[in-house]
Number of protein chains: 2
Amino acid sequence: MTVDIFSALSDEEGRLSGLEKRLATLVLDDVDFVVKSSISDLAERAGVSPPTVTRFCRRLGCQGYQDFKVQLAKITYVGLRYLKPETPSTTPQEVAEDIVTKAQNALFQFHKQIDVAALDKAAHLLRGAEFIQAFGATGNSAMIVNELHNRLFRLDCRIHASNDHSMNIMLSAAARPGTVVVGSSITGRDLDLVQCFNLLRKRSIPTIALTQSGSPVAEAADVVITIDLPEGNNIFRPTATRYAYLATIDILANLVAYADRNRAVKVLRSIKEELVRYRDGDDRQVLGD
Amino acid sequence: MTVDIFSALSDEEGRLSGLEKRLATLVLDDVDFVVKSSISDLAERAGVSPPTVTRFCRRLGCQGYQDFKVQLAKITYVGLRYLKPETPSTTPQEVAEDIVTKAQNALFQFHKQIDVAALDKAAHLLRGAEFIQAFGATGNSAMIVNELHNRLFRLDCRIHASNDHSMNIMLSAAARPGTVVVGSSITGRDLDLVQCFNLLRKRSIPTIALTQSGSPVAEAADVVITIDLPEGNNIFRPTATRYAYLATIDILANLVAYADRNRAVKVLRSIKEELVRYRDGDDRQVLGD
DNA sequence: CGTGCGTGAAAATAAATTTCTTAAGTTTGT
DNA sequence: ACAAACTTAAGAAATTTATTTTCACGCACG
């Protein structure tokens, strides 16, 4: 994985000296320039000597200037804007770029924190379940659990997705052994979901949470898949965290499928067959367009 | 934007000479090595002379070896695996990484082809609509149009999302002037959607399609937002194209909001207020967790 | 039997790093 | 409180390393 040069650049806990701080600012300010320049260009522009630049790079954890440039280039496309002060994007072009970048950022950050063990454990729990309940409310999490439904029913899972708080309580109270409950909450402060989880724990029904670590929801669940991402503050913009959640669903679904491929492939095949028949033999569609 | 070194590397329409092809293979085979090495290391490993490497870089459109390395590093994180032959991922770790990478790839490719004009046009059409119908069926597109609903109702749009083919026909037949219809189809071969669009065109109701260019659905719509991405072939894996569609929704929603900020902010504020009140003053939640 | 392209050897240039030196600040001892 | 000893930051010059240019050779194709 890439050295995390960014956190280093942004401050480095005061380990940077005066001129080095100047360098850091310059670098963050114009990554493109740095990536294109030689050490002496950069030194000149920063008003320092080349050796200072070399030392700066080393302190950031790189081998030297070249390595530094490469590391920098690596994270240029993804991740850059996270450090820069939020410049509100206004033109349609900017809006589009910004949204895509944020989405990639979310995936990037998520990628660094994936808890494979938890995912795997959850997948096996799901694969073994006789019935799955998926709870998620108010838009974002609703989308996520509906998507979980959409993915898992194809893999021969019996699953129901519910987006209704009151229903969820009833469903929790009615759940029999053999049931596994998945709940999603981006903030982890969905207290109705906590209530469901508590009830389920008392009844020894296993629960899986997709949520923020250390949150009430996380505390209440048996298996916790944590997704901790910073939230943007543009109220006109849906949260980029959704992309990470969606990826989580995809990973989960894939792991469930792999946990018993034969079983999964059987259902997938018959769904496909039926779709093709229904659509008059047009085989070009994705499974579930 | 980054020079598209990848397409150059992968074939270059036969413009590469014998040794250069060898270099290209080596580079694709071990990007990490190249990115870390000096020109002479690379030359030695490829069994060529340093000048050949320099010429190779130039032919690929770079200024020299350093520039080449930087370009390469830029696209290392995103986009790389697209060129490599699909190695089936089996361990949970690999599955997770692969899904995230594919999702980022989808966003990356999407980013290069965004038709801002079409998006902007669509956004203004939506902002001006008295009522919006959103049609999308069979899972993937269903998620997308439901998400569109979830985004737009917050912005003071009157919108209904429907995932039912027969309903869609009825809704199309019933649509009055002032209505705008959005339809999503990943493959563009959703013939029921085409039928709806044809009906709507006859009745002069404007339509917006999110779909593949040149497809039947695209032909039948007034405004076409094209999303053309290669499909993976792992049947256990949902299509990564969904991430691009989701980004499209986010962009659309943001543009609709910006088309009349005051109007949008008013509704957003009252939704927020109501949520905070309902949740006992906990203000930390995302709008619609 | 040229002409042109691909190639490498050697030379020239450019880039980066090391070493050495100085200066400025910090700590410690009296 | 002051100075000596130490530490750290920084650059100049020297050195090393890397890259590119130039030039010459050889092979393929007309």
Side-chain angles (χ1 to χ4, degrees), chain A residues 2-3 5 8-74 76, chain B residues 3 5 8-28 30-74 76:
Chain A
T2 303
V3 173
I5 220 177
L9 268 177
S10 40
D11 174 35
E12 178 76 7
E13 301 108 35
R15 287 218 294 277
L16 296 180
S17 71
L19 289 191
E20 286 176 343
K21 277 207 198 88
R22 189 148 101 224
L23 275 169
T25 313
L26 176 61
V27 169
L28 286 178
D29 203 52
D30 196 350
V31 178
D32 281 346
F33 169 79
V34 176
V35 152
K36 280 186 305 199
S37 321
S38 71
I39 196 170
S40 35
D41 292 347
L42 174 57
E44 187 183 353
R45 178 148 161 200
V48 303
S49 67
T52 300
V53 176
T54 298
R55 282 189 283 259
F56 168 74
C57 298
R58 296 256 165 85
R59 188 171 305 222
L60 256 38
C62 304
Q63 261 184 239
Y65 183 65
Q66 285 305 327
D67 185 39
F68 170 73
K69 262 172 53 166
V70 164
Q71 299 289 350
L72 202 59
K74 268 191 188 169
T76 285
Chain B
V3 172
I5 221 177
L9 267 178
S10 45
D11 172 36
E12 179 72 9
E13 300 107 34
R15 285 215 297 276
L16 296 180
S17 71
L19 289 191
E20 285 175 346
K21 275 205 199 93
R22 188 148 101 223
L23 275 169
T25 312
L26 176 60
V27 169
L28 287 178
D30 196 350
V31 178
D32 281 346
F33 169 78
V34 176
V35 151
K36 280 186 305 199
S37 320
S38 72
I39 195 170
S40 35
D41 293 345
L42 175 57
E44 187 183 355
R45 180 151 160 198
V48 303
S49 66
T52 300
V53 176
T54 298
R55 282 188 285 258
F56 168 74
C57 298
R58 297 255 164 83
R59 188 168 308 219
L60 256 39
C62 304
Q63 260 183 240
Y65 182 67
Q66 286 306 325
D67 185 39
F68 170 73
K69 263 174 46 169
V70 163
Q71 299 290 349
L72 203 59
K74 268 192 187 169
T76 285

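The figures that follow rest on heavy atoms only: side chains count, while hydrogens, waters and symmetry mates do not. Residue numbering restarts at 1 for every chain, and letters A, B, ... go by the order of the sequence lines. Treat the numbers as computed from the prediction; the structure is a model and nothing was measured.
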Q: Side chains of A:Val53 and A:Phe68, heavy atoms from C-beta outward: is any pair under 4.5 Å?
A: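 Heavy-atom side-chain distance check fails, nothing below 4.5 Å.
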Q: In whole angstrom, give the distance that lies between atom CG of A:Asp67 and atom P of D:dA18.
A: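 Answer to the nearest Å: 13 Å.
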Q: So, taking the atom named CG in B:Leu28 and the one named CG in B:Leu23, what distance separates them when rounded to the nearest 0.5 Å?
A: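 Output value for this atom pair is 11.0 Å.
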Q: Would you compute the distance between atom SG of A:Cys57 and atom CG of A:Leu60 and round it to the nearest 0.5 angstrom?
A: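 Answer rounded to 0.5 Å: 7.0 Å.
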Q: Which parts of residues 43-53 of chain A get close to DNA chain D, meaning a heavy atom less than 4.0 angstrom away?
A: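 Only A:Gly47, A:Val48, A:Ser49, A:Pro51, A:Thr52 qualify.
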Q: Has the side chain of B:Arg59 got a donor or acceptor atom sitting under 3.5 Å from an opposite partner on the base of C:dG6?
A: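 No, the side chain and the base share no sub-3.5 Å donor-acceptor pair.
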Q: Rounded to the Å, how far apart are A:Tyr65 OH and D:dA18 P?
A: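 Whole-Å distance recorded here is 17 Å.
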Q: Counting just side-chain N and O atoms, does A:Gln66 come under 4.0 Å of either OP1 or OP2 of C:dA16?
A: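 True: A:Gln66 side-chain N/O within range (under 4.0 Å) of C:dA16 OP1/OP2.
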Q: From C:dA15, D:dA9, D:dT21, pick the nucleotide closest to the side chain of A:Ile39?
A: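 In terms of side-chain proximity for A:Ile39, the closest of C:dA15, D:dA9, D:dT21 is C:dA15.
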Q: In this structure, how many angstroms lie between the P atom of D:dT20 and the CZ atom of B:Phe68, rounded?
A: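 In whole Å, D:dT20 P lies 12 Å from B:Phe68 CZ.
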Q: Any side-chain heavy atom of A:Ser40 sitting closer than 4.5 Å to one from A:Glu44?
A: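 Result no, sub-4.5 Å side-chain heavy-atom pair not found.
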Q: What is the minimum heavy-atom distance between A:Tyr65 and A:Leu42, and which atoms define it?
A: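 Taking A:Tyr65 first and A:Leu42 second, the nearest heavy atoms are CE1-CD2, 3.7 Å.
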Q: Between P on C:dG8 and CZ on B:Arg55, what's the gap in Å once rounded to a whole number?
A: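 Between P of C:dG8 and CZ of B:Arg55: 8 Å.
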Q: Measuring to OP1 and OP2 of C:dT18, would you say a side-chain N or O of A:Arg58 lies under 4.0 angstrom away?
A: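 Answer yes for this pair, as a side-chain N or O of A:Arg58 is under 4.0 Å from OP1 or OP2.
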Q: Between the side chain of B:Asp41 and the main-chain N/O of B:Ser37, is any donor-acceptor distance below 3.5 Å?
A: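 Looks like no, no N/O pair under 3.5 Å.
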Q: Once you round it to whole Å, what is the distance between P of D:dG11 and CZ of A:Phe56?
A: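 To the nearest whole Å, that distance equals 14 Å.
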Q: Report the distance from atom CG of A:Asp41 to atom C1' of C:dA16, rounded to the nearest whole Å.
A: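 Whole-Å distance recorded here is 13 Å.
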